[in-house]
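Below is one structure, written out as C-alpha cells; comments come after it.
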Amino acid sequence: MARFIMLATFTDQGIAKAQDTIKRTENVKVMAKRAGVTMGETYWTLGAVDVVAVLEAPDDETMTAFSLSVAKLGNVRTQTLRAFTAAEMLKVLEKMV
C-alpha cells in the first residue's frame with residue numbers, strides 16, 4: 001500500500017460549520033473505506049493548513065479518486081502528497097542515473 005498525506009484547508013462552506021469538522025471527518029473515514037483507502041490519524045493544525053490526514057491506498061489512481069470525492073463535498077480544498085518510508089526511498093535512490 002502506498003502512503004499519502006492529505007492537506008486540507010476549509011472552504012467558506014466548511015468554516016461556516018466548523019463545529020461539525022469531527023463528525024465530517026468520521027464520515028470521510030467511512031468514504032475512504034468504501035473507496036479502498038485506509039485513513040489513519042487526522043490532525044487539526046494551526047497555520048496555512050487546517051487538517052492533515054495520513055492515508056494508505058493501493059495506488060495513485062485510487063487515492064486521486066478519493067481526494068476528488070472529498071473535495072467534491074465542498075467543505076475543504078485538498079492537496080495530496082505521496083509519502084515514502086526510508087526503505088521505499090532507498091529503492092528510489094537506487095534508480096537514480
Using side-chain heavy atoms (C-beta onward) and a distance below 4.5 Å, is [X] in contact with [Y]?
X   : Y   : result
T25 : W44 : yes
L73 : M31 : yes
K17 : K23 : no
V92 : L90 : no
R3  : T85 : yes
T45 : V51 : no
V37 : F4  : no
T9  : V76 : no

**Request:** Output, in order, the C-alpha distance, side-chain angles, deciding distance and verdict of side chain to side chain contact (heavy atoms under 4.5 Å, CB included) for M6 and T42.
**Result:** CA-CA 9 Å; M6 180 182 283; T42 301; over 6 Å; no

Quick one: closest heavy-atom pair of [X] and [Y], and the distance?
X   : Y   : result
F10 : R24 : CE2-NH2, 3.6 Å
A83 : E88 : O-OE1, 3.9 Å
G36 : M1  : O-CE, 4.2 Å

**Message:** If you count every heavy atom of other residues, nucleotides or ligands that lies below 6.0 Å from R77 atom CZ, does the total exceed 12?
**Reply:** no

**Item:** Nearest-0.5 Å distance, CG of residue D60 to OG1 of residue T80
**Value:**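 Answer rounded to 0.5 Å: 10.0 Å.
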
**Request:** Supply the atom-to-atom distance L55 CG to T62 OG1, rounded to the nearest 0.5 angstrom.
**Result:** 12.0 Å

**Asked** Distance-only, no hydrogens or angles: does the R34 side chain make a donor-acceptor pair with backbone N or O of K29 under 3.5 Å?
**Response** no

**Item:** Side-chain (T78) to main-chain (A8) donor-acceptor, under 3.5 angstrom
**Value:**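 Flag not set: sc T78 to bb A8 has no pair under 3.5 Å.
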
**Message:** For V28 and F66: C-alpha separation, side-chain torsions, deciding distance, then whether side chain to side chain contact (heavy atoms under 4.5 Å, CB included) applies.
**Reply:** CA-CA 10 Å; V28 168; F66 174 69; 3.6 Å; yes

**Item:** Trace of the side chain to side chain contact (heavy atoms under 4.5 Å, CB included) decision for K91 with L93
**Value:** CA-CA 5 Å; K91 290 179 183 178; L93 295 174; over 6 Å; no

**Prompt:** Do L7 and M39 sit in the same hydrophobic cluster, where Ile, Leu, Val, Met, Phe, Trp and Tyr count as joined when their side-chain heavy atoms come under 4.5 Å apart?
**Reply:** no

